[in-house]
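Reading through the structure tokens given below for one structure.
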Amino acid sequence: MSQNESSTHLELIVNLEVENAAWQALLKTLGEEERALIDGEADLLAQLNAAKLTQLQALSNLSRTRYGQLIAAGHTPDHAGMATWLTQHNQILYLPRWRQLCDMELQAQSMNERIGTLIDLRLASTRQALNVLVHAATSQGGLYDQAGQSVGQGNGKRVITA
């Protein structure tokens, strides 16, 4: 093995470990985001989204680096290329780590789909509440008059106190 091949070899193994840790961090963030949506803690979402964006950018950079390393080693820049590289370089001890990484990627996709569904449900609920308020505000005898002032039920007079 040449010096260049040895360097690429070590870089791919190190990158695999770093990438695994990055996927674990993303899965943790996605889990927190899912719990926040279920529990109705909307205030946490902005903070979690910022962390998630940073993590996704780091994962993107790591995968681009891995793809470049695989190409430099003469393999295809995909999952099959990585598995082939590990096998050809007698790195079978790292095959479980590679499979774990692939599993975490699928797990993240599944969690992201669930989060999307939860967001859709929250949006539908918010739209429904807004529609009720708009209908009440525009219909006769509603909760608000044309100026947006609260009115009492029945007689249409303004409510002075709550």
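Sequence positions, counted from 1, serve as the residue numbers for this chain.
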If you measure from [atom1] on [X] to [atom2] on [Y], what distance do you get to the nearest 0.5 Å?
X	Y	atom1	atom2	value
C102	N20	SG	CG	9.0 Å
S125	L121	OG	CG	8.5 Å
Y67	M82	OH	CE	11.0 Å
N112	Q107	CG	CD	12.5 Å
W98	Q91	CH2	CD	14.0 Å
W85	L12	CH2	CG	4.5 Å

Next item on the list: For residues G81 and L70, report the shortest heavy-atom separation together with the two atoms involved.
Entry: O-CD2, 3.9 Å

Check: For A51 and T29, which heavy atoms make the closest approach, and how far apart are they?
Finding: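 Taking A51 first and T29 second, the nearest heavy atoms are CB-CG2, 4.4 Å.
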
Could I get the full list of salt bridge (charged side-chain N to carboxylate O under 4.0 Å, His left out) partners for [X], not counting sequence neighbours?
X	result
R114	E34
R97	E17
E105	none

Does [X] share a hydrophobic cluster with [Y], counting links as ILVMFWY side-chain heavy atoms below 4.5 Å and allowing steps through other members?
X	Y	value
L10	I71	no
M104	L56	yes
L130	V132	no
L106	L30	no

Using the test side chain to side chain contact (heavy atoms under 4.5 Å, CB included), find all partners of [X] that sit at least two apart in sequence or belong to another chain.
X	answer
N61	R64
T54	none
I119	L37, I115, L123

Checklist line | Those residues that, when tested against W23, pass ring pair (Phe, Tyr, Trp, His ring centres under 6.0 Å) (two or more places apart) | finding: none

Give every residue pair that meets the salt bridge (Lys or Arg N to Asp or Glu O under 4.0 Å) criterion with at least one member in [range], sequence neighbours excluded.
range	value
residues 66-82	E19-R66
residues 126-136	none
residues 46-55	E33-K52
residues 35-45	none

Notebook entry, point to check: Which hydrophobic side chains are connected to L44, either touching it within the sub-4.5 Å cutoff or through other members that do?
Noted result: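 Taking Ile, Leu, Val, Met, Phe, Trp and Tyr as members, L44 shares its hydrophobic cluster with L48.
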
Next item on the list: Examine distances only and state if a side-chain atom of N15 and a backbone atom of E11 form a donor-acceptor pair shorter than 3.5 Å.
Entry: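 No: the side chain of N15 does not pair with the backbone of E11.
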
Check: Between the side chain of T87 and the main-chain N/O of A83, is any donor-acceptor distance below 3.5 Å?
Finding: yes

Item checked: Contact check, side chains of I13 and L86, non-hydrogen atoms, under 4.5 Å -> yes

Next item on the list: Return yes when atom CD of Q109 has more than 12 non-hydrogen atoms of other residues, nucleotides or ligands closer than 6.0 Å, and no otherwise.
Entry: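 Counting neighbours around CD of Q109, more than 12 heavy atoms of other residues, nucleotides or ligands fall under 6.0 Å, so yes.
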
